[in-house]
Undergrad: 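Please see the structure below; I have some questions.
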There are 2 protein chains.
Amino acid sequence: MAANRRPTLADVAREVGVSAKTVSRVLNEDGPVSAQTRKHVLAAVAKLGFQPNLMARNIRVGGPDTTIGLVIPDLANPFFGAVARAIEDTVRERGLTLLMGSSADDPDRERALTDKFLARRVSILFVVPSVGADHSHLKSHRTAGLPVIFLDRPGAGLATDSIVSSNRAGAHDGVAHLIAHGHRRIGFVGDLPLKLYTRRERLAGYRSALQEADIPYDRSIVINAHDQQGAEAATSRLLDLADPPTALFAGNNIVALGIVAELARSKRKHVAVVAFDDVSLAEALEPALTVVAQDPEEIGRTAATTALSRLDGDRSRARTITVPTRLIVRGSGEQPAPGTRGA
Amino acid sequence: MAANRRPTLADVAREVGVSAKTVSRVLNEDGPVSAQTRKHVLAAVAKLGFQPNLMARNIRVGGPDTTIGLVIPDLANPFFGAVARAIEDTVRERGLTLLMGSSADDPDRERALTDKFLARRVSILFVVPSVGADHSHLKSHRTAGLPVIFLDRPGAGLATDSIVSSNRAGAHDGVAHLIAHGHRRIGFVGDLPLKLYTRRERLAGYRSALQEADIPYDRSIVINAHDQQGAEAATSRLLDLADPPTALFAGNNIVALGIVAELARSKRKHVAVVAFDDVSLAEALEPALTVVAQDPEEIGRTAATTALSRLDGDRSRARTITVPTRLIVRGSGEQPAPGTRGA
DNA sequence: ATGAAAGCGCTAACAA
DNA sequence: TTGTTAGCGCTTTCAT
């Protein structure tokens, strides 16, 4: 029951009566080893329950560790979960293991995580950059060959690869869809903070769609929320305005949940809605929720393949890869605007 | 631009003109250091951009690394995402970092992940055990002091702490709710594989509720699905039976999505539904979805605190902690059974 | 208050 | 085919 020291290479070597290096050779299929000793070594490994210390190995071999670091805002957000899964699936065949952490969109927490990951000599660093975070401290690592990839948003202070959704075009298309169905008073419920890249881009898309239709931009129906509860409250406030919007555009998946929940509770199903980012059960709602779907799998996959090609020596210029969004029309965008024939 | 060697403790020492040990002392707030040298060392650290190699440190210090290993079936499943976040939040203050991987419920992948984590000398191992996986290989690690915690399901071949939901009682309550509203023909759509612990427990709860109401168990309306599409198809098949169920019990969150989607598509809103595990937008559906909610945050938190107390020397017997579920009545369970006054 | 030497577990580079 | 030596970057131990 004692907390016995775990067996080392030397223990195995002693057990078999060979040198440590021979055991090492067997385990790593390094140099030549006779079938005999090989068998004995493996037997001893099994007997002692030896497991090589990967950290010790790594220290000696030098170079990056076979881990990748992944910093996302929230492990429980399905969008980032899907991105993470796609990354893992892509790097797994290279034997890389995921080191993960949630930043909660806090620059300090993000920095603490990246520092830890760097101290562990990760092979790749994937970061969803928090608003206000500066990444210039990663510059030396990048020039030293560490692939650094920004996900979902570009990072500040460092020129490196970024994988983002087509936020502006996607939002534009979603809002244009509402306009096409007769809406001229379209509320925008965005996420927070205001400086968040995705929020700004999506708001820009919203504005450009309005502009194309000669609809003036009205700040009083642009509102923000940080979580589902906030979005519910925001929705309620918007609809209680003297001149309420007849349609709403949701700036992200969490906001969409809030809007839909609030409309359902207050029985205001007549309000048209389009959401940025798909949510589960969207098609089961009444009306079914029309969304500008992101492609988290593609984002993760692209991020991973980009990083791996960097790891393989690709020194070309930093790229920003935009992963297309897709308007999925399900009905909620077609709730007729008052005084319209429903289109 | 060259891939320069990263600075080491020795580099910093040389820069300052002190010994490596002195630098080490400063960085770890170990022995006494004069304010002078301390300042110089920190300056040099900043100047060189030195970051201590955590692996080298760990190798020398011995003992477990400041990482925890977490094996879950699917990073993108919001239930496991929520569990993971709660674990991370709890262990973060101890300075522990998350090493994560998806097993896809495949015993081989699970084993590969745990082996990797063990080779990295994780401080704690959290595993959602796959069906068919044997965990006796973890025995020696556990007796050597490594906390091993099973999540969501008990593991096989190893007596250690498990944190599970009150699956049986929860399912019983959900089904009893349907029975209370007049249903006697209640379909069970469970997940796969059939041997999955949660499926068996929830099915047992279903059966006990039926039994209490003297409703015979009818295998023909117990059906299984692995993913949302499968659940949709299964639902369709159930409802196309000559004597279809008037109510459905969903065995997990994914199955619930399938059932709800299929009922919405086929316009069979009259079918009553209760789902095990909450899903987002449940309250926005029509009717709103009644669920037996799990508490993933509490599961994660409990798992983490249990593990930490083990780490702190708690050698008491292995416990199985059951986290209560909660029936959240929202309406879908009250769709009247035909020939009933709606209760 | 600081340093020198040894060593953590492993492998690179050489020898035999 | 196998072993020996040295050393990865750090900390421990013991000196000074």
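All chains are named by letter (A, B, ...) in the order of the sequence lines, taking the proteins before the strands, and each is independently numbered beginning at 1. On a predicted model such as this, the values are computed, not experimentally measured, just so you know.
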Undergrad: Name the residue from B:Thr67, B:Leu96, B:Asp65 that meets the side chain to side chain contact (heavy atoms under 4.5 Å, CB included) definition with B:Val122.
TA: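 Output: one option passes, namely B:Thr67.
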Undergrad: Could you tell me whether the side chains of B:Thr160 and B:Arg142 share a donor-acceptor contact shorter than 3.5 Å?
TA: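 Judged by distance alone, the side chains do pair up.
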Undergrad: With a 3.5 Å cut-off and heavy atoms only, can you find an N or O donor on one side and an acceptor on the other between the side chain of A:Arg60 and the base of D:dG7?
TA: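 Answer is yes: a donor-acceptor pair is held.
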Undergrad: Rounded to whole angstroms, how far apart are NZ on A:Lys39 and P on D:dT2?
TA: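 Whole-Å distance recorded here is 13 Å.
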Undergrad: B:Ser130 side chain to B:Ala133 main-chain N or O, any donor-acceptor pair under 3.5 Å?
TA: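 Judged by distance alone, no pair lies under 3.5 Å.
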Undergrad: What are the two closest heavy atoms between A:Pro52 and B:Ala119, and how far apart are they?
TA: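 Heavy atoms only, the tightest pair is O-CB, 3.5 Å.
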Undergrad: For a quick test of reading the model, state the closest non-hydrogen atom pair linking B:Ser123 to B:Thr66 and the distance between them.
TA: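 That would be OG-CA, 4.2 Å.
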Undergrad: Could you state the atom-to-atom distance from NE2 of B:His40 to C1' of C:dA1 in whole Å?
TA: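 Those two atoms, NE2 and C1', are 15 Å apart.
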Undergrad: How close or far is atom P of C:dC10 from atom CZ of A:Phe50, stated in whole angstroms?
TA: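 Distance, rounded to whole Å: 4 Å.
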Undergrad: What's the CZ-P distance between A:Arg38 and D:dT1, to the nearest Å?
TA: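 The answer, rounded to whole Å, is 12 Å.
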Undergrad: For the pair made of CG in A:Asn58 and C1' in D:dC10, what is the distance, rounded to whole Å?
TA: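 Nearest whole value for this atom pair: 14 Å.
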Undergrad: Check every strand shown and say whether B:Asn28 touches a base, only sugar-phosphate, or nothing at a heavy-atom separation below 4.0 Å.
TA: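 Result for B:Asn28 = sugar-phosphate.
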Undergrad: Establish whether the base of C:dG3 is bridged to the side chain of B:Arg25 by a donor-acceptor pair shorter than 3.5 Å.
TA: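 It does, because a donor-acceptor pair links the side chain of B:Arg25 to the base of C:dG3 below 3.5 Å.
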Undergrad: Using the side-chain heavy atoms of B:Leu9, tell me which of these nucleotides is nearest: C:dC10, C:dT2, D:dC10.
TA: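 The answer is D:dC10, which lies nearest to the side chain.
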Undergrad: Whether A:Thr22 contacts D:dT1 is assessed here as follows: a side-chain N or O lying under 4.0 Å from the phosphate OP1 or OP2. Is that the case?
TA: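 It does not, given that no N or O in the side chain of A:Thr22 lies less than 4.0 Å from OP1 or OP2 of D:dT1.
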Undergrad: Taking only N and O in the side chain of B:Thr37, is any of them less than 4.0 Å away from OP1 or OP2 of C:dT2?
TA: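 Checking B:Thr37 against C:dT2: at least one side-chain N or O falls below 4.0 Å of OP1 or OP2.
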Undergrad: Side chain of B:Pro32 only, heavy atoms from C-beta on: which candidate in C:dA1, C:dA4, C:dA12 is closest?
TA: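 The nucleotide sitting nearest to the side chain is C:dA1.
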Undergrad: What is the distance, rounded to the nearest whole Å, between atom NZ of B:Lys21 and atom C1' of C:dT2?
TA: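 Checked: the NZ to C1' distance equals 11 Å.
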Undergrad: More 5' along DNA chain C: B:Val18 or A:Ile59, using each one's nearest nucleotide?
TA: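 The residue closer to the strand's 5' end, by nearest nucleotide, is B:Val18.
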Undergrad: Using atom CG of B:Asp30 as one end and atom P of C:dG3 as the other, report the distance to the nearest whole Å.
TA: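 Taking atom P of C:dG3 as the reference, CG of B:Asp30 is at 14 Å.
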Undergrad: Between D:dT12, D:dC10, C:dA12, which nucleotide has the shortest distance from any of its atoms to the side chain of B:Thr8?
TA: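 Of the candidates, D:dC10 comes closest.
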Undergrad: OP1 or OP2 of D:dT11 versus the side-chain N and O atoms of B:Ser24: is any pair under 4.0 Å?
TA: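 B:Ser24 to D:dT11 OP1/OP2: side-chain N or O found under 4.0 Å.
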Undergrad: Side chain of B:Ser34: nearest nucleotide among C:dT2, D:dC10, D:dT2?
TA: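 Nearest nucleotide to the side chain: C:dT2.
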Undergrad: Within this structure, what is the CZ-to-P distance between B:Arg14 and C:dG3, rounded to whole angstrom?
TA: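 Distance, rounded to whole Å: 14 Å.
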